[in-house]
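Notes for the one structure printed next.
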Amino acid sequence: MSIKPSLSKGTRDFGPEQFVRRQYIIDTIKNAFELFGFQPLETPAIEKLSTLTGKYGDEGDQLLFKILRSGDYLKKVSDELLASRDVKSILPFISERGLRYDLTVPFARYVVMNQDKISFPFKRYQIQTVWRADRPQKGRYQEFYQCDADIIGSDSLLNEAELIQIIQKVYRELKIDGIEIKLNNRKILQGIAEEIGAGDNFTELTIAIDKLDKIGIDKVVDELLGRGLDQNSVDQLKTFLTFNGSITETLEFLENKLVNSEIGKKGIEEMKSLFSYLGETEKIKLDITLARGLSYYTGTIIEVVPLGTDMKSSINGGGRYDDLTGVFGMPNLSGVGFSFGLDRIYDIMLELDLFNDIDLNQSKLLFINFDENCQNYTYKILGKLREKGIKAEIYPSPTNKVKMKKQMKYANDRKFPFVVITGSDEMDSGLLSLKNMATGEQEKVTVEELLLRLG
RNA sequence: GUGGGUAUAGCUCAGUUGGUUAGAGCGCCGGGUUGUGGUCUCGGAGGUCGCCGGUUCAACUCCGGUUAUUCACCCCA
């Protein structure tokens, strides 16, 4: 009886080829982060549930992977509580820890815990796995990488501009041309909400208008009416959502519209100075329908979507938060950060066939193993190759155990460019038979020639 | 949480209106080639058709349930 091997849903293996490709993306992102002066940070996969819960909204809390306590944890649960079947009340007895849901909240925890050692503004990057217990689908996994960069302790909009430069640099190096960087500012959204008299329904408003490009204006209107906004507010909102123009035109339009909202004016000012740093380019859009769900954003919001692929989801997301560390007892620390979605970038590069020229960095040479004499003889030569930094291997079993035909097949499957065949003739003459696996040609060479040839 | 698809050999999948011995390609093992891979050729192993139940003389096939997985919605990287 054997168990059928299978993966848990929403997870993937990464074989040697996939690993190398993913590492290539990671290295590109990491180099860009370091070029801009970000410092690395690694935090545990496991965090206390008290650190994680309440930071991502109710939906987010539902999606946290929780870790069962050890021991007979049910002993402490009273019969009444068990009988109530109320998960929320029972949860603290059965779980106190969970897997991190993103890298931003652990970062906030770290900053607060280490504030005495950190010089602000603190720029850190973090490339690690995160876990979410949601239903998997295309481009969406339960275990995936985030590549985060955040600057905390500075409210300058120059930071936003730097992050956007990093995004541009990374996609340029990965040769992904079709991207669109969408920018907006939560303060502008809040201004709109105030202006149309829906300031109390801000969250509902953002969730609904975030769907605009997916479901269209009519359905957004329906949804908002359903969520308790009045007809008048929705009609006014329509004029905002249907406006079309260049960045300067949009900002002018907003300036004329948001005359009564202090926060709205602030948002417009922020966007103006950000665009003065960035300049207008095709790939950067001011999109007042961009809202983003994560509740901790308070200023600039950033999202990057790929163009010309099946992938519809965003590949970067981020924004400014004024009070991320407040819940951990360190208020008024403004920060801005964003994240690359490694797994989705990988999927896109696969779809666009951008992985052609990546070197698998494999061994150059395999020594065929005839018998113990041959093994001893070639093992010394193998050592010399490795001293020179030449990647080479010897087949671990002799031909009386694994036939030469099979050793050759192994060399072929593993794509060794060369094999060396060393029988008694070769050992007597001191010349090795070097076979080129691509051409099939075979010649006799000395050890010195071999070193030169592969070096 | 809601809705759809899929489940047959190690892998990717065929399988006719229900019918007698369930197939292919790839992979694996062996031979042609006792010191030569990739190509070619011959042969071989490998399947309680996801699981439980029902209909039927007869079920891989139809029906119900269940589990897993996948896609879409919600939400999100």
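Each chain gets a letter, A, B and so on, in the order its sequence line appears, and its residues count up from 1.
The gap from the P atom of B:A24 to that of B:G47 amounts to 15 Å, rounded to the nearest Å. When the C1' atom is used for both B:U12 and B:G54, the distance is 33 Å, rounded to whole Å. Nucleotides B:A45 and B:C28 are separated by 9 Å at their C1' atoms, to the nearest Å. The P atoms of B:G23 and B:U16 are separated by 14 Å, rounded to the nearest whole Å. Here, B:U8 and B:G50 have their C1' atoms 10 Å apart, quoted to the whole Å. Taking atom C1' in both B:A9 and B:A22, the straight-line distance is 11 Å, to the nearest Å. Using atom P as the reference point in both B:G18 and B:G31, the two lie 47 Å apart (nearest Å). To the nearest whole angstrom, the two P atoms, one in B:A77 and one in B:G38, are 49 Å apart.
Ring stacking is absent between A:F340 and B:A77, as the pair misses the limits of under 5.5 Å between centres and under 30 degrees between planes.
With hydrogens and angles disregarded, a donor-acceptor distance shorter than 3.5 Å links the side chain of A:D61 to the backbone of A:G54. Under a 3.5 Å cut-off, the side chain of A:Q128 and the backbone N or O of A:T43 do form a donor-acceptor pair.
Contact annotation: A:Q137 reaches the phosphate of B:A72 (side-chain N/O to OP1 or OP2, under 4.0 Å). Note on A:K409: every side-chain N or O is 4.0 Å or more away from OP1 and OP2 of B:C29. In terms of phosphate contacts, A:K406 brings a side-chain nitrogen or oxygen within less than 4.0 Å of OP1 or OP2 of B:C29.
Taking 3.5 Å as the limit, the base of B:U36 and the side chain of A:K435 contain a donor-acceptor pair of atoms between them. If you check distances only, the side chain of A:N412 never reaches the base of B:G38 with a donor-acceptor pair under 3.5 Å.
Of the listed nucleotides (B:G37, B:U69, B:C74), B:G37 has the atom at the smallest distance from the side chain of A:K405. Considering only side-chain atoms of A:K138, the nucleotide from B:C74, B:G35, B:A72 that sits closest is B:A72.
Within 4.0 Å of A:S314, counting heavy atoms only, lie sugar-phosphate atoms of the nucleic acid but no base atom. No engagement by A:G318 is indicated, since no non-hydrogen atom pair under 4.0 Å with the nucleic acid exists.
The number of heavy-atom neighbours closer than 6.0 Å to NZ of A:K138, taken from other residues, nucleotides and ligands shown, is 12 or below.
To the nearest 0.5 angstrom, A:L157 atom CG is 9.5 Å from A:L278 atom CG. Considering CD1 of A:I368 and CZ of A:F416, their distance stands at 9.0 Å, rounded to 0.5 Å.
Atom CG in A:L434 sits about 16 Å away from atom C1' in B:G35, given to the nearest Å.
Aromatic ring orientation, A:Y24 versus A:F355: perpendicular (interplanar angle above 60°, classes split at 30° and 60°).
The residues A:R12 and A:D343 are annotated as salt-bridged, a charged nitrogen and a carboxylate oxygen being separated by less than 4.0 angstrom.
Residues from residues 438-445 of chain A lying near RNA chain B, meaning a heavy-atom separation below 4.0 Å, are A:A438, A:G440, A:Q442 in numerical order.
Comparing A:R344 and A:R135 by the nucleotide of RNA chain B whose heavy atom lies nearest to each, the residue mapping closer to the 5' end is A:R135. Nearest-nucleotide mapping onto RNA chain B: of A:P136 and A:E426, the residue sitting toward the 5' end is A:E426.
Pairing of B:G3, defined by two Watson-Crick or G-U wobble distances under 3.5 Å, is identified with B:C71. The partner of B:C26, taking Watson-Crick or G-U wobble pairs whose two distances both stay under 3.5 Å, is B:G10. Under the Watson-Crick or G-U wobble criterion, with both distances below 3.5 Å, B:G46 has no partner in any strand shown.
Residues A:Y277 and A:E162 bring no donor and acceptor atom of their side chains to less than 3.5 Å of each other.
Annotation: ring pair (Phe, Tyr, Trp, His ring centres under 6.0 Å) contacts involving residues 156-186 of chain A, sequence neighbours excluded, comprise A:Y171-A:F340.
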